[in-house]
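What's counted below: heavy atoms across the whole structure, side chains too, no hydrogens, waters or symmetry copies. For clarity, every value in this text was computed on a predicted model and none was experimentally measured.
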Amino acid sequence: MPKVNFVEFDGTKHSVDVEEGTSIMEAAVGNLIPGIDGDCGGAAACATCHVHIDAPWSSKLPPLGDDEESMLSLTDDRDSRSRLGCQIKMTAELDGIVAQMPEAQH
């Protein structure tokens, strides 16, 4: 099973094993990881699963879709590493990915 490594804004780390095909948002919510709410249930309609993904992981992700781009444009702490966790589905290739959370979600 692939592993997701979550890093809260304060540096607290959480590692969870998830089934392939599970989104980063679903992994966080299902494992009670603080800092990711997933209010819209994964529809890319709320940005409460905003995460920062560093290289080399970002190069393994699909490009931003229009809905994801639109939601991220409304977030605080957006930068070039910003993604919505609901749009990242776990695969064997992403085993060990690090998802850093911004200070706050909206």
Q | Test side-chain contact (heavy atoms from CB on, under 4.5 Å) applied to Asp37 and Val29, step by step | A | CA-CA 7 Å; Asp37 298 329; Val29 171; over 6 Å; no
Q) About how many Å separate CD of Gln105 and CZ of Phe9, when rounded to the nearest 0.5 Å? A) 12.0 Å
Q) Where is the tightest heavy-atom contact between Met71 and Ala45, given as atom of each residue plus distance? A) SD-C, 3.3 Å
Q) If you look at every heavy atom in Ser73 and Ser70, which pair is closest and at what distance? A) OG-O, 2.6 Å
Q: For Thr48 and Gly38, indicate whether the former's side chain and the latter's backbone hold a donor-acceptor pair under 3.5 Å.
A: yes
Q.
Are more than 12 heavy atoms, taken from residues, nucleotides or ligands other than Asp79, located less than 6.0 Å from that residue's CG atom?
A. yes
(Q) For Cys49, run the side chain to side chain contact (heavy atoms under 4.5 Å, CB included) check against Ile88, Ile36, Ile24 and tell me which one passes. (A) Ile36
Q. In the single-linkage hydrophobic clustering (I, L, V, M, F, W, Y; side-chain heavy atoms under 4.5 Å), do Met101 and Leu84 co-cluster?
A. no
(Q) Working to the nearest 0.5 angstrom, can you tell me the gap between Glu103 CD and Asp76 CG? (A) 9.0 Å
(Q) If you define the side chain from C-beta out and look only at heavy atoms, does anything of Val98 sit under 4.5 Å from Val7? (A) yes
Q.
Given 3.5 Å as the limit, does a donor-acceptor pair link the side chain of Asp10 with the main chain of Thr12, or not?
A. yes
Q | Side chains of His14 and Glu8 in contact at under 4.5 Å (non-hydrogen atoms) | A | yes
Q. Nearest heavy-atom pair of Gly85 and Val51: which atoms, and what distance?
A. N-CG2, 4.2 Å
**Q.** Validation row: Met90, Val4 side chains within 4.5 angstrom (heavy atoms)
**A.** yes
Q | Euclidean distance, Met25 CE relative to Cys46 SG, rounded to 0.5 Å | A | 8.0 Å
Q: Identify the heavy atoms of Gly21 and Lys89 that sit nearest to each other, and give their distance.
A: O-CD, 3.3 Å
Q. Once you round to the nearest 0.5 Å, how far does CZ of Phe6 lie from NZ of Lys13?
A. 14.5 Å
Q. Say you draw a straight line from CZ of Arg81 to NE2 of His52; how long is it, rounded to the nearest 0.5 Å?
A. 5.0 Å
Q: State, yes or no, whether a side-chain contact exists between Gln87 and Ser23 at a heavy-atom distance under 4.5 Å.
A: no
(Q) With a 4.5 Å cut-off on side-chain heavy atoms, are Val16 and Ile33 touching? (A) yes
Q.
What I want to find out is whether Glu69 reaches Arg78 closely enough, with some N-O distance under 4.0 Å, to be called a salt bridge.
A. yes
Q) Just by distance, do the side chain of Asn5 and the backbone of Gly96 share a donor-acceptor pair under 3.5 Å? A) yes
(Q) Would you say that Val18 contacts Met1 through its side chain, given a criterion of any heavy-atom pair below 4.5 Å between the two side chains? (A) no
Q) Gly42 and Cys86: which non-hydrogen atoms are nearest, and at how many Å? A) CA-CB, 3.5 Å
Q. What distance separates Ser59 OG from Ile53 CD1, expressed to the nearest 0.5 Å?
A. 11.5 Å
**Q.** Carboxylate-amine/guanidinium contact Lys3 Asp95, below 4.0 Å
**A.** no
